[in-house]
Amino acid sequence: VVLNVTLIDKGCTDVVMSYTGEYIYMGTSEESKLGKGLCVYDVAKNEYSLIKECNITETFCIAVSPDGKTALVSRDDGVFMMGLDGLDEKIYDPRDIPFHVYGVSDDRTIAYFSAYCEHGIYCWNEGELVKVYSAILDGAVAFNSDCKKILFKPEEKGLYYFDPATMTR
């Protein structure tokens, strides 16, 4: 049996693959052949490119939308939605770093992340930031198919569900 294994980049600091497997997003260091920043590998085209030079040094700092066209990225200067189309939109100013990012919807209206020192889960819903959960999240996270609804199980007892469509203003 011969396995086809492809080395994409030795300078990878974090990685996530789109649900379809079409795109692989990577945070890269100075050791990368493309430089330090957010890179994308198009599997079908075997093309690898730098989307934006930036600082992504931690793990759990990249999440990708189901269609693979948008990444939610925790950088040293905040939490950003970044995309294949060149989008680079800051959705959260840094109060502490690093942030863990969990998911972003295809239409870029919903994003979920947590802050290291401010504990909990945040939902960014079309520009409005809501703290969904206030304790440390060291458990499991799951999403529905469009990444708008979240299910999470913290280390403590309990299973929680949140749907931003049911938010009251």
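Numbers for residues simply follow the sequence, beginning at 1. Every heavy atom of this structure was used, including side-chain atoms; hydrogens, water molecules and symmetry mates were not. Nothing here was measured: the structure is a model prediction, and the numbers come from that model.
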Exercise for review: Just do the side chain to side chain contact (heavy atoms under 4.5 Å, CB included) check on Tyr92 and Phe80 with the steps written out, would you?
Suggested key: CA-CA 7 Å; Tyr92 188 71; Phe80 289 77; over 6 Å; no
Review point. Would you call Lys148-Asp107 a salt bridge at under 4.0 Å N-O?
Key: yes
Practice item. Answer yes when Lys10 and Glu31 have at least one side-chain N-carboxylate O distance shorter than 4.0 Å, and no when they do not. Key: no
Check your understanding: Which word best sums up how the rings of Tyr25 and Tyr23 line up, parallel for under 30°, tilted for 30 to 60°, or perpendicular for over 60°?
Key -> tilted
Practice item. Please report the C-alpha distance between Tyr102 and Phe113 in whole Å, then the side-chain angles of each, then the deciding distance to 0.1 Å, and finally whether the ring pair (Phe, Tyr, Trp, His ring centres under 6.0 Å) criterion is met. Key: CA-CA 5 Å; Tyr102 301 114; Phe113 60 93; 8.5 Å; no
Exercise for review: Check Arg108 against Thr70 and note the closest heavy-atom contact, atom names and distance.
Suggested key: NE-OG1, 2.8 Å
Check your understanding: When you look at NZ of Lys69, are more than 12 heavy atoms from neighbouring residues, nucleotides or ligands closer to it than 6.0 Å?
Key -> no
Review point. Under the criterion side-chain contact (heavy atoms from CB on, under 4.5 Å), which of Val16, Leu72, Thr13, Val15 is the partner of Ile62?
Key: Val16
Practice item. Please state whether the rings of Tyr112 and Phe162 are parallel, tilted or perpendicular, taking 30° and 60° as the class boundaries. Key: perpendicular
Revision key, fill the gap. Smallest heavy-atom separation, Val101 atom then Ala63 atom, equals CG2-N, 3.5 Å
Check your understanding: So which heavy atom on Tyr161 is nearest to which on Lys149, and how close?
Key -> OH-CD, 3.1 Å
Point to revise | Tyr48 versus Ser32, closest heavy-atom pair with distance | key: OH-OG, 4.0 Å
Point to revise | Worked check of side chain to side chain contact (heavy atoms under 4.5 Å, CB included) between Cys147 and Asp106 | key: CA-CA 8 Å; Cys147 271; Asp106 287 339; over 6 Å; no
Exercise for review: Would you check, one step at a time, whether the test side chain to side chain contact (heavy atoms under 4.5 Å, CB included) holds for Cys12 with Met26?
Suggested key: CA-CA 6 Å; Cys12 180; Met26 287 163 278; 3.9 Å; yes
Check your understanding: Val104 and Ala71: which non-hydrogen atoms are nearest, and at how many Å?
Key -> CG1-C, 4.4 Å
